[in-house]
Enquirer: 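Sharing a structure with you now.
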Amino acid sequence: MTILITGAAGFIGANFVLDWLACNDEPVINLDKLTYAGNLETLASLQGDARHIFVQGDIGDSALVSRLLAEHRPRAVLNFAAESHVDRSILSPEDFIQTNIVGTFRLLEAVRAYWNELEAEARTAFRFLHVSTDEVYGSLGAADPAFREDHRYEPNSPYSASKAASDHLVRACHHTYGLPVLTTNCSNNYGPYHFPEKLIPLMIVNALAGKPLPVYGDGMQVRDWLYVKDHCSAIRRVLESGRPGEVYNVGGWNEKPNIEIVNTVCALLDELRPKADGTSYNTQITTVKDRPGHDRRYAIDASKIERELAWRPLETFASGIRKTVQWYLGNPEWVAHVQSGAYRDWVQTQYASA
Ligand SMILES: NC(=O)c1ccc[n+]([C@@H]2O[C@H](COP(=O)([O-])OP(=O)(O)OC[C@H]3O[C@@H](n4cnc5c(N)ncnc54)[C@H](O)[C@@H]3O)[C@@H](O)[C@H]2O)c1
């Protein structure tokens, strides 16, 4: 038995692989293109571990995906691979269309052809799990109820539009061809190994470097935050017990405005790594022009996954953010390699034969 995971050199995928192999021995084939967001240094602890097979490649490379499926015969494919940064999607949407839409389509086609040839029992047991985002549902008003699985799709950025399209392709593949798919739509993740272009790690590394802490607009954009390991446990649960064709919203019931997140990070750093001059890190907060089309509020109603699959997050926001800040304080080398770009050289030297 084995599973194929795409995009598992990225933030969530890598956390998923580390947790997966920490709790069971089923091998993982990790197919990742290694874009700027792919960082094999995150998986350094798995070097020499036969349960992790890394393959550098594109989910849109049909020949490669078909070969991997034929060779390793996975019982499930988990699709984490994506272009994931909203700001980048505004500046340069093309990559998002290629990977998130065309890539997902080609992946589905290769998986469908493989699945069609399986024996009856393996066909029934097979799963294609697609990892998606709450951003496909659009933006909520302050008093609107949180997103449920039947909320209308109203994506507002090139990123969320491309993820919405991929969700539709996954759905159609089930409806039309019967492929046993599962989709998870999760809120904002945070935790270890998060690329420091995203809000929480950016604030931690900038604060420590004495740099400004840039906050968009009034900082009152509300997001629902989930510790990444809780997202990973939700995906494991959906893979194990989710009903094919179903969508599960995953969230932490932790709605917070961005400015509160930044102030919390500053307060934790004040406690754990106080500045020599005695001032708070929050004096480094600066306001920058809001990004175009910035969604105001996302909130996930996670009752379905709680009710049907008995999943609950383990971390509160207070415990998760403390662990996250502590992780960044304890791993300055990982951060420095990302910032200098040395993580790419690391991949060359450590995985030259992969
Ligand atoms: N980060 C979040 O808060 C969040 C929340 C909900 C859902 N998601 C979804 O979870 C998934 C993982 O997000 P993340 O934050 O880990 O992203 P990430 O940007 O950190 O990682 C993405 C990974 O995919 C790889 N990749 C990109 N294009 C590829 C391609 N064409 N073929 C193969 N690999 C490719 C990259 O090299 C990278 O390793 C994405 O689908 C994202 O939409 C993320």
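When a ligand or atom number is given, it counts from 1 through the structure's own listing order. What you see is a predicted model; the values in this text were computed from it and never measured.
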Enquirer: Looking at E109 and R112, is any side-chain nitrogen of the basic one under 4.0 Å from a carboxylate oxygen of the acidic one?
Expert: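 Yes, R112 and E109 are salt-bridged.
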
Enquirer: Which N/O atoms of ligand 1 sit under 3.5 Å from a protein N/O, and at what distances?
Expert:
{"from": "ligand 1", "atom 1": "3 (O)", "to": "N189", "atom 2": "N", "distance (Å)": "2.8"}
{"from": "ligand 1", "atom 1": "16 (O)", "to": "F11", "atom 2": "N", "distance (Å)": "3.2"}
{"from": "ligand 1", "atom 1": "16 (O)", "to": "I12", "atom 2": "N", "distance (Å)": "2.7"}
{"from": "ligand 1", "atom 1": "17 (O)", "to": "S84", "atom 2": "OG", "distance (Å)": "3.3"}
{"from": "ligand 1", "atom 1": "19 (O)", "to": "S84", "atom 2": "OG", "distance (Å)": "2.7"}
{"from": "ligand 1", "atom 1": "20 (O)", "to": "F11", "atom 2": "N", "distance (Å)": "3.0"}
{"from": "ligand 1", "atom 1": "31 (N)", "to": "D58", "atom 2": "OD1", "distance (Å)": "2.9"}
{"from": "ligand 1", "atom 1": "31 (N)", "to": "T99", "atom 2": "OG1", "distance (Å)": "3.0"}
{"from": "ligand 1", "atom 1": "32 (N)", "to": "I59", "atom 2": "N", "distance (Å)": "3.0"}
{"from": "ligand 1", "atom 1": "34 (N)", "to": "K33", "atom 2": "N", "distance (Å)": "3.0"}
{"from": "ligand 1", "atom 1": "37 (O)", "to": "D32", "atom 2": "OD1", "distance (Å)": "2.6"}
{"from": "ligand 1", "atom 1": "37 (O)", "to": "L34", "atom 2": "N", "distance (Å)": "3.4"}
{"from": "ligand 1", "atom 1": "37 (O)", "to": "T35", "atom 2": "N", "distance (Å)": "3.0"}
{"from": "ligand 1", "atom 1": "37 (O)", "to": "T35", "atom 2": "OG1", "distance (Å)": "3.2"}
{"from": "ligand 1", "atom 1": "39 (O)", "to": "G10", "atom 2": "N", "distance (Å)": "2.9"}
{"from": "ligand 1", "atom 1": "39 (O)", "to": "D32", "atom 2": "OD1", "distance (Å)": "3.2"}
{"from": "ligand 1", "atom 1": "39 (O)", "to": "D32", "atom 2": "OD2", "distance (Å)": "2.6"}
{"from": "ligand 1", "atom 1": "41 (O)", "to": "F80", "atom 2": "O", "distance (Å)": "3.1"}
{"from": "ligand 1", "atom 1": "41 (O)", "to": "V131", "atom 2": "O", "distance (Å)": "3.4"}
{"from": "ligand 1", "atom 1": "41 (O)", "to": "K163", "atom 2": "NZ", "distance (Å)": "2.6"}
{"from": "ligand 1", "atom 1": "43 (O)", "to": "Y159", "atom 2": "OH", "distance (Å)": "2.7"}
{"from": "ligand 1", "atom 1": "43 (O)", "to": "K163", "atom 2": "NZ", "distance (Å)": "3.2"}

Enquirer: Are a donor atom and an acceptor atom from the side chains of E83 and Y159 found within less than 3.5 Å of each other?
Expert: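 No, Y159 and E83 have no side-chain donor paired with an acceptor closer than 3.5 Å.
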
Enquirer: Within the 3.5 Å criterion, strictly below it, is a donor on N100 or S166 matched to an acceptor on the partner's side chain?
Expert: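 Distance-only check fails for N100 and S166.
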
Enquirer: Going by atom types only, do N249 and K304 share a side-chain donor-acceptor pair under 3.5 Å?
Expert: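 The answer is no; no qualifying pair exists.
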
Enquirer: Just checking, R88 and Y36: is the charged tip under 6.0 Å from the six-membered ring centre and within 45° of the axis?
Expert: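 Here R88 passes the 6.0 Å and 45° test against Y36.
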
Enquirer: Is the shortest distance from a Lys or Arg side-chain nitrogen in D58 or K33 to a carboxylate oxygen in the other one below 4.0 Å?
Expert: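 Salt bridge between D58 and K33, a charged N being under 4.0 Å from a carboxylate O: yes.
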
